[in-house]
Amino acid sequence: MRVAALLIFTVLLLAMQAAAQASPLIVELMPASANPAHPRMGDRLMFRSTIRNPGADQAPGVIAWLSLVQVDPGNEKPVDLEDWSAQKALTLPALAPGQTVTTEWPIRLIQAGHYRVAVIATAAGIAEVGAPVASRFAGFAVAAKPVVESGRVLPIAIGVPLLLAAGLLWRVRGGRVR
Amino acid sequence: MTSHADQVSVRSAVLPLRPAAGAWLIARKETGELLLSRRGLAWLLVVAVVLSAFALLLVSDTELGLLDNAQVVYDMVGIVIGVGALIGVVAGVDAVGGERERGSLVPLLLVPLPRGALLAGKLGGIAAAWAMTLVVALPYLWAVGSTGQNLGHAVAALIVLGTPVVLGFGAFALGLGARLRSVPAALNAALVVLLLSASPLVIGPGLRRTTIGAAFDAVNPFSAALNAVDAVVIDGERLAAHALAFCAVAVWALAAGWFAWAGMRRLAR
Amino acid sequence: MTIRANTRPGGDPLLELRSVAAAIGGAEILRDVSLRLGRGEILGLLGPNGAGKTTTLSVALGLTAPSRGSARVFGGDPFVDGAAVRARLGALPEGGGFYGWMTAPAYLGFFARLHGLARAPDELAERLVQVGLKPSAGQRIETFSHGMRQRLGLARALLADPLLILLDEPTNGLDPRGRREVHDLLKRLARDGAGILLCTHLLDDVERLCDRISIMVAGVTVRDAALRDLGGGPPADAPRGGRFRLFLSAAGEGRPLPSGVSLVAQEREACVVEIAGSEMPEAAWVEMMFLGWRVREIHRIEDGSSPLERLYLSLTDADPARSAA
């Protein structure tokens, strides 16, 4: 009798613990079909994420955020999204069982290089710590664009001072004025 | 002229030239002096050399990102406004103080024009100097910024916000030149004020977030102008959203104009 | 073309200062200055250095406000009605500068337009010829000699055919022929009715040109008289030794002069010097040679003393400030 009670108590405790844990979410990330095949600096890419609650319980306090990392060899580092994307995070009061939320994540390509982007979500709310769930990485490469073209700068940087110097020389040598 | 005209009271006499026309003539003279004198051409050459040095440094950096390009345009706009303000200071001191030292001021004070017209003409000359600085700077801005972002807005911000800053410093320096007997003293005083105004930009954003720094930023025309340029060029905001910055630089320009006017009125010989 | 001041002789004074006092930079320069100038008159304003002659002109031009007394130009206050007053007068301040990058016709044209005058280029050229200035085409003012600039300043002062003309050392730097031309021009203007205030150190100019003189010492008018009323003969306290003028064939521009010797005029290889307080005027040329002058010949020696000069010296020698200088 006492053993049975102990077993029931343990099962109940485990059930309560399981109930207290965040329901696992499923996060997927896909690039938009309209994204350029070979993006360059200054282009904009669009990614779409789906966050689904496959569980039978409601997932409260969903937070999802964009994570970008540069993966060029020797230059691997997370990227501050300050200038890359105005949309950096998403919050939902709750995700009902079976509910799916689709979100678009626009990104402006600021720097050349190779990048991986993912969406990470957690459903525990901010009061508790739950295991975050990440989408698969979507990778893209950004080609460099010459932002300062020497073909434009050099003629100006050399020509304008030369023109003014010529004018000054003309005046020094007694150029006539009306 | 008949003898009857001799009896005409001075007070009721009509001035031979409208003040606005007189101001225009003086502004034209000042502009001609800038464009055709060796000193004026030398100053424009200095502007071009500074901008060329900056542009050539950029060309050597092949790893600029897109945002860096925006920063480059912002920095160049800041340099143009700074150099423009410096030229405004030099031209302003010279407009009255320099002419007085060269002895050419008294003949100008003896023409039948109100002092306000003389002041307007002198400020017109400073505006012409700023316009010439812009003409020299625009090719550089195009060269470094045409492949980046917000170049058009950057140029608009430079003109809308930079002009009151530069004219304000020019008017302030003109007022100092009218009050102080010594051109070096007037120039030194004006340059000190200019450097103080530009100093927060060198100090950096951290110290500017302190109470004193924020208060200084609130009254500093440079800060108002460049903060707005930052928002337009780098953050892509609309220029119209920064009307407050324009008001700040406009207040500065008006206050400096009043200072110049008060100095001109007191001008003797 | 005749430069004509369109007015009639007589009438109200063009310029009147009554017991004027004025300060500059906190220092009282004028203490009690009174003078009156009517149409057709040339008034010589004399005084030692620092007497306040330039400040008096400044008050008359409306550039300095008097602290006491009254200043009236054409019946109006030159400080209050400045622009209207300046429309009817012309002035040549001492040591005025010019816009060196301009040519003389462009410079005159600029000031003509500021006076609301439409002067054609040939008329401007004629104005320059009137004052003896014939620059090369396109020659910039920065290449002008001092005498040429003085002539240009005079042309600028006369641009608007003014009723009242205020001149500060107008013949400064001019050669003897230039001085004669300016004298003739000023006499002609006065005959046409203009009132001329002539501020100068050159007593010779005053004696040749002026109807009346006003002598200032330390900011105070000490004497105002018609030149013809000065009479002859030296006063009892006239300085000993007399004054002499030497007319020399000599060259040495830029060379110093002996003490007591002043250069009156110089043109190429000829010059006129004045010697004060010397019993032996001939000794002056010997001293000049020691100082580097190439003196070939003395043409003549004149007694430089005149009633005006004796009066001037007697009044200004009584000035303690001058004695201390």
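The chains referred to below are lettered A, B, ... by the order of the sequence lines, with proteins before strands, and numbering in each begins at 1.
Using a 4.5 Å heavy-atom threshold, the side chains of L164(A) and V49(B) count as separate. P161(A) has its side chain within reach of L45(B): a pair of non-hydrogen atoms, C-beta onward, lies under 4.5 Å apart.
Within 6.0 Å of atom CZ in R28(B), 12 or fewer heavy atoms from other residues, nucleotides or ligands are found, so the atom counts as exposed in its surroundings. No more than 12 heavy atoms of other residues, nucleotides or ligands sit less than 6.0 Å from atom CH2 of W24(B).
The nearest pair of heavy atoms linking V160(A) to A48(B) is CG1-CB, 3.9 Å. Looking at every heavy atom in both residues, I156(A) comes nearest to A143(B) through CG1-CB, 4.0 Å.
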